[in-house]
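Dropping the structure in here first, questions after.
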Amino acid sequence: VQLQASGGGLVQAGGSLRLSCAASRRTANHYSTGWFRQAPGKERGLIAAISWGGGSTYYTDSVKGRFAVSRDDALNTVYLQMNNLKPEDTAVYSCAVSSGPYSWQRGYKNWGQGTLVTVSS
């Protein structure tokens with residue numbers, strides 16, 4: 001399955017963006033989907049995830065209460081709503097799928113091209 005992240009851009013601190021992760025096939029609906037980000041000079045890390053079916057979610061501490069992940073299986077798309085953005089959220093955001101535990105970073109694969117989010121102060 002191929003994934004494509006979109007929706008990034010330049011936003012002021014305190015603003016919002018909604019990212020989309022579109023899958024090429026419906027089979028992606030049977031996998032957990034995770035959102036990752038990689039800031040300049042840092043490693044890529046899992047920041048949010050949603051289980052297949054959407055019943056469970058995971059957030060890393062730095063985004064809890066500000067980001068929300070959801071999925072629309074009819075559209076083969078997973079979303080990341082980002083509110084109250086901070087300059088430290090600046091990074092390339094990408095998505096991937098996993099057949100393992102949704103909060104287990106190492107289980108993810110099939111990263112697509114990411115989308116850049118820049119938050120100005």
Hey, what do you get for CG (Leu19) to OG (Ser6), rounding to the nearest 0.5 Å?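 One finds 7.5 Å between CG of Leu19 and OG of Ser6.
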Could you tell me whether a side-chain N or O of Ser98 sits under 3.5 Å from a main-chain N or O of Gly107, the two making a donor and an acceptor?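 The answer is yes, because a donor-acceptor pair under 3.5 Å joins these two groups.
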Starting at CH2 of Trp35, measure out to OG of Ser94 and round the result to the nearest 0.5 Å.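 Reported to 0.5 Å precision, the distance equals 8.0 Å.
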Within 6.0 angstrom of Glu88 CD, more than 12 heavy atoms from elsewhere: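 Atom CD in Glu88 is packed in, count exceeds 12.
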Do Met82 and Val69 land in one hydrophobic cluster if side-chain heavy atoms of ILVMFWY residues count as linked below 4.5 Å?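 Met82 and Val69: one cluster.
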From OG (Ser103) to CG (Leu46), nearest 0.5 Å: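 So the gap between those two atoms works out to 8.0 Å.
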Please name the pair of heavy atoms, one in Arg71 and one in Ile50, separated by the smallest distance, quoted to 0.1 Å.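 The pair with the smallest heavy-atom distance is NH1-O, 3.7 Å.
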Grab the two heavy atoms, one from Gly100 and one from Ser32, that are nearest each other, plus how far apart they are.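 Heavy atoms of Gly100 and Ser32 come nearest at O-OG, 4.0 Å.
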Show every donor-acceptor pair shorter than 3.5 Å between a side-chain atom in residues 108-121 and any protein atom, with sequence neighbours excluded, or say none if there are none.
residue, atom, partner, partner atom, Å
Tyr108, OH, Tyr102, O, 2.6
Asn110, ND2, Val1, O, 2.7
Thr115, OG1, Gly8, N, 3.0

For Phe67, look at atom CZ and say whether over 12 heavy atoms of other residues, nucleotides or ligands are found less than 6.0 Å away.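 Counting other residues, nucleotides and ligands, CZ of Phe67 exceeds 12 neighbours.
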Nearest 0.5 Å, what's the CD-CD distance between Gln38 and Glu43?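 One finds 8.0 Å between CD of Gln38 and CD of Glu43.
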Could you list the cluster mates of Tyr79? Members are the ILVMFWY residues connected by side-chain heavy atoms closer than 4.5 Å, either directly or through other members.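 Hydrophobic cluster check, Tyr79: joined to Leu75.
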Atom pair CG (Leu80) and CG (Leu17), whose distance is rounded to the nearest 0.5 Å: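 Nearest 0.5 Å value for the CG-CG distance: 9.5 Å.
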Side chains of Asp72 and Thr77, donor plus acceptor under 3.5 Å: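 There is no such pair between these side chains.
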Can you name the side-chain hydrogen bond (donor to acceptor under 3.5 Å, both in side chains) partners of Arg66, sequence neighbours left out?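 side-chain hydrogen bond (donor to acceptor under 3.5 Å, both in side chains) list for Arg66, sorted by chain: Asp89.
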Does the side chain of Arg37 come within less than 4.5 Å of Val92's, by heavy atoms?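 Answer no - side chains too far apart.
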Interatomic distance, Leu3 atom CG to Thr33 atom OG1 [nearest 0.5 angstrom]: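 Leu3 atom CG to Thr33 atom OG1 measures 7.0 Å (nearest 0.5 Å).
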With side chains defined as the heavy atoms from C-beta onward, is the minimum distance between Val97 and Trp52 less than 4.5 Å?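 Val97 does not reach Trp52 side chain to side chain.
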